[in-house]
Amino acid sequence: MRAIRGPFLDFSADPFYRDEEEAVRFISDGLLVIDGEKIADFGTFGELGGKYAALEIDHYPDRLILPGFVDTHVHYPQTEMIASYGEQLLEWLEKYTFPTELKFRDKAYARRIADTFLDLLLANGTTTAQVFTTTFPQSVDAFFEACTGRNICMIAGLTGIDRPGQAPPDYLDTADSFYAGSKDLIARWHRKGRNRYAITPRFALGSTREQLDCCGRLKAEHPDAWVNTHMSENDKEIALVAQHFPEASDYLNVYERAGIVGPKFTAGHSIHLSNDMFARMSRANASISFCPASNLFLGSGLFMLHKAKSAETPVLVGVGTDVGGGNTFSMLRTLNDAYEVAAMQAQKLSALKGLYLATLGGARALHLDHEIGSFDPGKFADLVVLDPRATRIMRLRSESARMNGQASPEAQAFDRMQHDAFGMMSLGDDRCVEATYVSGALLHARPGIGR
Ligand SMILES: [Zn+2]
């Protein structure tokens, strides 16, 4: 057993539907006790310090410790092609993405990138992600092998695209090869250790009706598996989907007809949704991954977070970096983009709401909140230690904060935490990440920390 001491922040409820101060749990001097890979105890240092006095303690005063970030939509094979210039979705896929992803036929190459990708996630404080691979089964094996070595919780799956003309011929799979490959990979990897499998049609435009029907069959045969895809990202894409699926009433209906929309179904982007689509996503208990960095970088549009999180049609929402459409692995930078996307629509995204989406909100969107997303004992000890004064400007901003001197010390500590949290959300990135723990083990420490 070991313990971590410092200021802790997590959520017990959704701050979009509850008073923020009620939804949050902030302990200015807390102790988290780890037994093996799980959280054994959690509370104030005052209450627990004596009981666990004999344990080795990693102490992080003046930091902010959060549950590890959950990136609900990211492409590991696109790591090296991040920041590709000048195109919108379909041209970007053709010009940059498929030529890069073809390299993942080589398993050794795939493994090298998978290791780099996971190291980058950890350096950014991300401890769980829902991950796209390629049409090559060996790229899925390489990824899960890299995850297994780190005992980290990742969701991934063979990423199907079989529609002629939508990718180079040597990148395409077929409905049959996708079905057989997925079955084989589910048997090999699903729930092996912390690995989780997602049936992954890349997007409706990339799949034939036959391949989408295979996804429905796979989901019926493996109801415990996740389903991960894209939806309504780009205007041109949406028009082509309508052309290829004339029988469907809209983009979501293509997936509904395949029988894959329900709990554990995540539709990345979901930018251009009608009220009716939000209502059907809500009723189905399906999830959206909001990918603001990507939506801005590829010029795709502004996601309507306020509609997804409305009281009338509440949809489970997590945040995704969508590397390489997104130009950052940092969930903090992605939250900054989320704030700006909301601001462009005259909406506000507070630091606490943002951090909720990046932690417990993401865990709930992925139906993993019984295992991760907060500091409740019994969950995995996946956490990130953030430094709110990591850069000169962040230090200046934090030190200059004016607190209400009349308030109680606890209220002042809470206000300071909120001020610093918004500073990290607006100005922060991997420089703020001091340490990342996965399954109780320290897997990343900022250089110079010397732990
Ligand atoms: Zn994507």
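The shown structure was predicted, so the numbers you read here are calculated from the model rather than taken from an experiment. Whatever order the structure lists ligands and atoms in, that order sets their numbers, starting from 1.
For the residue pair K379/H370, the side-chain donor-acceptor check at 3.5 Å is not satisfied. Side-chain N/O atoms of E221 and Y179 include a donor and acceptor closer than 3.5 Å.
Ring-centre distance between H190 and Y197: not below the 6.0 Å cut-off. When ring centroids are compared, F104 and Y109 come within the 6.0 Å threshold. Between F42 and F8, the ring centre distance stays below 6.0 Å.
With waters left out, the protein N, O or S atoms under 2.8 Å from the Zn ion (ligand 1) add up to 4.
The closest donor-acceptor contact from the side chain of D71 to the backbone of T321 lies under 3.5 Å.
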